[in-house]
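Everything below concerns the one structure shown next.
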Amino acid sequence: IRDHSLPCEPLPKVKFDPNVINAFYEVGEHTANPDITLIGSGVTTQYLWQAVKVLKEMGINARLLNVTAPSLLTAE
C-alpha cells in the first residue's frame with residue numbers, strides 16, 4: 001500500500017517472498033561486494049534506484065536495500 005501520489009514503477013526484488021516478513025529486501029540483481037550500499041524506505045527508494053543505475057554507469061558497484069518494516073530493525 002502506498003500513501004503518496006508519486007507515480008512509481010515497481011522496483012525489481014531479489015529473492016522476495018511475500019509470505020515472509022522481512023525488515024528489508026535488496027532491489028535489483030544481487031550485488032556481491034558492493035562499493036556502496038544505499039538504504040531507503042518509501043518514496044525515496046525510487047530516487048535511490050535511479051542513483052544506483054548512475055553509479056553503476058560510473059563504475060561504482062552499488063546496491064540498494066528497501067526497508068519495508070523499520071520496527072523490525074530495532075533492538076529490544
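This chain uses plain numbering: 1 for the first residue, then up along the sequence.
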From the list Leu65, Thr45, Leu55, Asn66, side chain to side chain contact (heavy atoms under 4.5 Å, CB included) partner of Leu38 resolves to Leu55
Donor-acceptor contact below 3.5 Å, side chain Asn33 vs main chain Asn61
no
In short, Val67 meets Phe24 closest at the heavy-atom pair CA-CB, 3.9 Å
Scanning both residues in full, the closest heavy-atom pair of Thr68 with Tyr25 reads CG2-CE2, 3.6 Å
By side-chain hydrogen bond (donor to acceptor under 3.5 Å, both in side chains), Thr37 pairs with (sequence neighbours left out) Arg63
If we ignore hydrogens and angles and just use 3.5 Å, is the side chain of Thr44 paired with the main-chain N or O of Gly40 as donor and acceptor? no
In terms of heavy-atom contacts, Glu29 and Glu26 come closest through O-OE2, 3.6 Å
To the nearest 0.5 Å, atom NZ of Lys53 lies from atom CD of Glu57 at 9.5 Å
